Amino acid sequence: MNRCLLLVLVVILCACDRGNKNTNKPYVLAIAVETYANAKKDKKAPDAVVEKIETDTVMVPSALAAYSKGIQKYAAVLMHIQQFPDSIKGTKGIKIWDEKDNDIVATIPQSQRDSIVMNFIQFARRSSIPYYKRVKDFELKLMTAR
């Protein structure tokens, strides 16, 4: 009887452990960037603006974690814009798609999105992240990702 009970417990434990192995899901981070089409080619030609999409795929356990990664990527894009002002005009915001191609940003409550943005701003203030010091109005620009 003890062996049978032990076998049942082992099977149950194995079944429970099997469901927790890989809970990460893919999310696609997409940031629309406005670039100048004539950058550095012809200074006399009018600057036409072309929209390009910067994408990255992350494997995280939740939409909230994906949004946090998205805010980090958005901050990196802001730094890139600051470094290359002659070729990049600006950004239009962030979209994050789940594995079913649904934009998950709107599904995250505004208070949680604000909390992630504010936590990142506080982190940037305390650290020596170079883009925090270089990007003019960094905090206001980061808030546009909300």
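Here the structure is a predicted model, which means the values were calculated and not measured. Quick note: numbers below take in every heavy atom, side chains included, and nothing from hydrogens, waters or symmetry partners.
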How close do Glu99 and Pro26 get, counting heavy atoms only, and between which atoms? OE1-CD, 3.4 Å
Sorted by chain and number, sequence neighbours left out, side-chain contact (heavy atoms from CB on, under 4.5 Å) with Asp98 holds for Tyr27, Lys100, Asn102, Ile104
Quick one: list whatever passes side-chain contact (heavy atoms from CB on, under 4.5 Å) with Lys69, sequence neighbours left out. Leu29, Val58, Val60, Gln72
Is Thr35 reaching over with its side chain to a backbone N or O of Val50, donor-acceptor style, under 3.5 angstrom? yes
Check for a donor-acceptor pair, side chain of Thr91 on one end and backbone N or O of Ala32 on the other, with a separation under 3.5 Å. yes
In the hydrophobic cluster built from side-chain contacts under 4.5 Å, what are the other members alongside Trp97? Val28
Rounded to the nearest 0.5 Å, what separates atom OG1 in Thr23 from atom CE in Met59? 9.5 Å
Taking atom CD of Gln110 and atom OG of Ser115, what is their separation to the nearest 0.5 Å? 11.5 Å
Gap between atom CD1 of Ile94 and atom OH of Tyr74 - 0.5 Å precision: 8.0 Å
May I ask you to test the Ile88-Tyr36 pair for a side-chain heavy-atom distance under 4.5 Å? no
Is there a side-chain contact between Val105 and Lys95 in this structure, where contact means two heavy atoms from C-beta onward sitting under 4.5 Å apart? no
Shortest non-hydrogen pair, Thr107 vs Asp103, comes out as CG2-O, 4.3 Å
Exercise: identify the closest heavy-atom pair between Ile31 and Lys73: CD1-CG, 3.7 Å
Enumerate the residue pairs fulfilling side chain to side chain donor-acceptor pair (under 3.5 Å) with a member in residues 49-62, sequence neighbours excluded, ordered by first and then second residue. Glu51-Lys92
Kindly give the heavy-atom pair with the smallest separation between Ile53 and Ala30, and that separation in Å. CG2-CB, 3.9 Å
Residue set satisfying side-chain hydrogen bond (donor to acceptor under 3.5 Å, both in side chains) with Gln112, at least two apart, ordered chain then number -> none
